[in-house]
Amino acid sequence: MPDREQFVAFCAAYEKSGLAPGDPQPGLAALCEGMRLLASPAPRARRSALRLAPEGDWLFAPIFREEAMVPPVLPGRWPLPLWLAAARGRELWSGGAAAQREALRRRAEQAARMLADHAPCLLVGHGWFNRALGAALIRQGFRADGPAHASGPWSARAYRPA
């Protein structure tokens, strides 16, 4: 069970880590055909993007970065899932959480406008920012096209203008 220092190291290593062995399911790779390909420049998102479409013409833009994990201050050692839940809970419910959520929403709205300029497009990313971005796209008149595709660590959702 990690202590806070080890959890901070885990978060840093996770962002720099490679991907789990295996390839995305064929349905995910097929989504790339005819799409403008976009991703965060973060190492993990870049590796995911290049695994999905190695020959793709990718635009890596900082606006698509995942939200940073803010480690909570907890004494002692705790199971990793508790650290992750506490970090996410701290982001959502801390004193500055309303400002953080609003900043996330504004960045997602800005990214959604950028995606609309590149439609049709496929964004490869990880985590909470993609959820906020999907909601922003829907608010801007896009629709989720079909079910979310998932395969192990891979997941994707297509959004198209309504």
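As a basis for the values below, the full set of heavy atoms in this structure was taken, side chains included, without hydrogen atoms, waters or symmetry mates.
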Check your understanding: What's the spacing between Arg77 CZ and Leu82 CG if we round to 0.5 Å?
Key -> 14.0 Å
Point to revise | Note, Leu115 side chain near Leu133 side chain (heavy atom, < 4.5 Å) | key: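 In contact.
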Review point. Less than 4.5 Å apart, any side-chain heavy atom of Leu74 and any of Arg4?
Key: no
When you group the ILVMFWY residues by side-chain heavy-atom contacts below 4.5 Å and let the links chain together, are [Y] and [X] in the same group?
X      : Y      : value
Leu123 : Ile138 : yes
Leu52  : Leu50  : yes
Trp78  : Val8   : no

For residues [X] and [Y], report the shortest heavy-atom separation together with the two atoms involved.
X      : Y      : answer
Gly76  : Trp83  : O-CZ2, 3.9 Å
Glu109 : Gln140 : OE1-NE2, 2.9 Å
Ala108 : Ala136 : O-CB, 3.7 Å
Leu80  : Pro2   : N-CD, 4.2 Å

List the atom pairs, with distances to 0.1 Å, where a side-chain N or O of residues 56-64 and a protein N or O form a donor-acceptor pair under 3.5 Å, not counting sequence neighbours.
from, atom 1, to, atom 2, distance (Å)
Trp58, NE1, Ala53, O, 3.0

Exercise for review: Would you please name every residue forming a salt bridge (charged side-chain N to carboxylate O under 4.0 Å, His left out) with Arg106, sequence neighbours left out?
Suggested key: Glu102
Practice item. Identify, with sequence neighbours excluded, every residue that meets side chain to side chain donor-acceptor pair (under 3.5 Å) alongside Arg46. Key: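 For Arg46 there are no side chain to side chain donor-acceptor pair (under 3.5 Å) partners, ignoring immediate neighbours.
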